[in-house]
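The structure appears below as structure tokens.
For this chain, numbers begin at 1 and follow the sequence in order.
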Amino acid sequence: MKEETPLLRLKSVTKDFAGTVVLEDVSFDLHSGEILGLVGENGAGKTTLMSILFGMPVIASTGGYGGSIQLEGKEVQFSSPFDALDAGIGMVHQEFSLIPGFTTTENIMLNRELTKNNPMVDIFGQRMSVLDHVSMKKRAEKAINRLGVEIDPSMKVSEMPVGHKQFTEIAREIDRDNVRILVFDEPTAVLTESEADILLKAIKELAASGIAVIFISHRLHEIMKICDRVVTLRDGKTIRDIATSETNVSDIAASMVGRTVTAEHLKKQAELNAAEKTTLPEDYVLSVEHLWVDMPGETVRDVNFKVRKGEIFGIGGLAGQGKLGIPNGIMGLSAAGGKVVFEDAEVPLNDAAAVLKKGLAFVSEDRRGVGLLLDESLDWNICFSAMQVNGEYLKPYLGGLFKLRDEKAMKKNAERYIEMLAIKCTGAKQKAKELSGGNQQKVCLAKAFSLNPRLLFVSEPTRGIDVGAKAIVLDTLRRYNRQMGTTIVMVSSELEELRSVCDRVAIVTGGKIAGVLSPREAPEKFALLMSGITEGAENDSNK
């Protein structure tokens, strides 16, 4: 029997960023000992909602939020995560917040270290106390044992497999004395199937002890397995709040992706379809067999697919399932194995320079860390790879004895792409770090286009950019493919974007290809593949 006053109540929560509404009138209750599943597509508002609950600084710095949050009937408004922790709310984020050089015990007990006295304390006070390593280790082991896993309390985080890091994060949260609510944000995304089963069992036991849980996951079978209720967010609104006993995986998937099809939407789709090729060539330009990639958080276990010449082949899937690992492995940025054949010649893995010389190019999802020379000018950024790989934009002197940059040719090439991609800048000599994220992304595309690749990998091309910039980037990729005949492999977390530009879309789950679908298939089929349900899905990537 649930108590009348819920432990947590979110009432009409609303949030906008610079006038763009991301949450609108979101409401639900959470009771002690209850596991609430929170589902929705990428961009539905789940992360923003949990940021509000946990008092993340980005919320206050962007104008706060509307509505109210009540804890045991009393309204609260946390100004920082420390306030939320003091109130008994813990959160396990997708991004690890561990200190690599610290041990398991040191991370679990961080900011709650146990100390013991010694004779110096009597003279100089508590500042002379020392860490009680034995007691800290015992307490860390107790938290780890609650999860049902075996982790060496003395192992450094930097030496751990990714699954152990996740369990260490969780152990740190459940070790807190006053924890009443735990939020898990995609906690099984980086876990193996057996590790995920262990975690789900542990979460149920935590709930049985009276801790309330908000469980965020795209793995809908996990939602059905452990949750008492499931709340669906779509486009920032609460669409449905229902007991899991009254629904199923297919219904949840439909609630996540269902949307009104307007006349304008139909017109746009018709225009896109008319511009697409009616038939695809039969010959394949890229063949990937038994590819494995050791990329932290995006492990690829055994991927097989083929790409037809001249098509836009999409790769989608949830965070941590391996989709980002595929291009990073093939392009030599992460350790990889298996067999990759491009234009009837095997591609040397683990050698980025050799791959570029084969006619492949890559626009990384990490535009600031990998894609750009932030302190250099736009023309230098755009021409740099073509200069290194193909020897372009270099002018010979003294009969070819040495070469210098051809500044005039570099400027002309940069200005061409600045106009083509509508890059907002002061000119070709402006530094890349001074541009907005969307314009930096366009510079990364220009850099890849300058290589004149025969096959282009594009990873998360619209991540973190505004709607207008997204439209330009997607339209440019489509036109570049159609006009230049360049084969494109587009990796994205945005399913609708993949469906709008791709000829076929592969969904990656658990480091493998779960299925390959036509972009015109029902959204529910994609949602089911992403949740690991492959029954009835087309798994032959050659079709």
- Query: Take atom CD in Glu159; do more than 12 heavy atoms of anything else shown fall under 6.0 Å from it?
  - Reply: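 Yes, enclosed.
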- Message: Within a 6.0 Å radius of atom NZ on Lys137, are there more than 12 heavy atoms belonging to other residues, nucleotides or ligands?
- Response: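 No - once you tally the heavy atoms of other residues, nucleotides and ligands closer than 6.0 Å, there are 12 at most.
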Between [X] (side chain) and [Y] (backbone), is there a donor-acceptor pair under 3.5 Å?
X      : Y      : answer
Thr48  : Gly45  : no
Thr509 : Leu529 : yes
Lys15  : Gly64  : yes
Gln440 : Ala432 : yes
Thr244 : Cys227 : yes
Thr299 : Asp294 : no
Asp351 : Gly332 : no
Gln321 : Gly510 : yes
Asn178 : Asp86  : yes

Heavy-atom distance under 4.5 Å between the side chains of [X] and [Y], does that happen here?
X      : Y      : value
Phe215 : Leu200 : yes
Phe362 : Val355 : no
Met490 : Ile315 : no
Thr14  : Leu23  : no
Asn381 : Lys447 : no
Ile69  : Gln77  : no
Ile214 : Leu53  : yes
Val458 : Val489 : no

Non-hydrogen atoms of [X] and [Y] that approach each other most closely:
X      : Y      : answer
Val300 : Val303 : CG1-CG2, 3.4 Å
Leu36  : Val231 : CD1-CG2, 3.6 Å
Asn304 : Ile513 : O-CG1, 3.7 Å
Ile223 : Gly37  : CD1-CA, 3.9 Å
Ala448 : Leu456 : CB-CD1, 3.7 Å
Lys358 : Pro348 : CE-CD, 3.9 Å

Looking at [Y] and [X], is there a salt bridge between them, counting it only when a charged N and a carboxylate O are closer than 4.0 Å?
X      : Y      : result
Lys204 : Asp228 : no
Glu169 : Arg172 : yes
Glu496 : Arg499 : yes
Lys512 : Asp302 : no
Arg146 : Glu205 : no
Glu72  : Arg180 : yes

- Begin from the C-alpha positions of Phe167 and Leu199 and carry the test side chain to side chain contact (heavy atoms under 4.5 Å, CB included) through to its verdict. CA-CA 8 Å; Phe167 281 114; Leu199 176 58; 3.9 Å; yes
- For Phe54, enumerate each residue passing the ring-ring contact (aromatic ring centres under 6.0 Å, His included) test, keeping only those at least two apart in sequence or located in another chain.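 Scan of Phe54 (ring-ring contact (aromatic ring centres under 6.0 Å, His included), adjacent residues dropped) gives His93.
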- Message: Please enumerate all residues that pass ring-ring contact (aromatic ring centres under 6.0 Å, His included) together with Phe78, with sequence neighbours excluded.
- Response: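 By the ring-ring contact (aromatic ring centres under 6.0 Å, His included) rule, Phe78 matches no residue at all.
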Nearest-0.5 Å distance that lies between atom [atom1] in [X] and atom [atom2] in [Y]:
X      : Y      : atom1 : atom2 : answer
Glu222 : Asp197 : CD    : CG    : 8.0 Å
Ile252 : Leu220 : CD1   : CG    : 5.5 Å
His31  : Leu7   : NE2   : CG    : 9.0 Å
Thr47  : Ile216 : OG1   : CD1   : 6.5 Å
Arg112 : Arg176 : CZ    : CZ    : 4.5 Å
Leu38  : Phe184 : CG    : CZ    : 14.0 Å

- Step by step, work out the side chain to side chain contact (heavy atoms under 4.5 Å, CB included) result for Leu98 and Lys165. CA-CA 8 Å; Leu98 303 172; Lys165 293 178 183 178; 3.9 Å; yes
- Query: How would you list all residue pairs meeting side-chain hydrogen bond (donor to acceptor under 3.5 Å, both in side chains) that involve residues 323-338, not counting sequence neighbours?
  - Reply: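 The answer is Lys323-Ser493, Asn328-Glu365.
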- Applying the side-chain contact (heavy atoms from CB on, under 4.5 Å) test to Pro461, which of Ile488, Val473, Val501 qualifies?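 Among the candidates, only Val473 passes.
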- Query: Just one of Glu141, Glu106, Met109 clears the side-chain contact (heavy atoms from CB on, under 4.5 Å) bar with Pro153, so which one?
  - Reply: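 That would be Glu141.
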- Message: Under the rule for side-chain contact (heavy atoms from CB on, under 4.5 Å), what residues qualify as partners of Glu346, not counting sequence neighbours?
- Response: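 By the side-chain contact (heavy atoms from CB on, under 4.5 Å) rule, Glu346 matches Lys339.
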- Asp152 and Thr104: side chain to side chain contact (heavy atoms under 4.5 Å, CB included), yes or no, with the steps? CA-CA 7 Å; Asp152 183 351; Thr104 307; 5.7 Å; no
- Verdict with supporting geometry, Leu324 and Glu460, side chain to side chain contact (heavy atoms under 4.5 Å, CB included): CA-CA 8 Å; Leu324 297 180; Glu460 300 288 8; 3.8 Å; yes
- Residues which pass side chain to side chain donor-acceptor pair (under 3.5 Å) with Arg139, listed by chain and number, not counting sequence neighbours: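 Arg139 satisfies side chain to side chain donor-acceptor pair (under 3.5 Å) with Asp175, Asp177 once adjacent residues are dropped.
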- Query: Who pairs with Thr232 by side chain to side chain donor-acceptor pair (under 3.5 Å), at least two apart in sequence or on another chain?
  - Reply: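 Result, side chain to side chain donor-acceptor pair (under 3.5 Å) vs Thr232: Ser255.
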- Message: Assess the residue pair Glu497 and Thr462 against the criterion (side chain to side chain donor-acceptor pair (under 3.5 Å)); give the C-alpha distance rounded to whole Å, side-chain angles, the decisive distance to 0.1 Å, and a yes or no.
- Response: CA-CA 9 Å; Glu497 292 179 3; Thr462 64; 2.5 Å; yes
- Criterion side chain to side chain donor-acceptor pair (under 3.5 Å) on Arg240 and Thr247, from CA distance to verdict: CA-CA 11 Å; Arg240 199 170 68 152; Thr247 188; 3.0 Å; yes
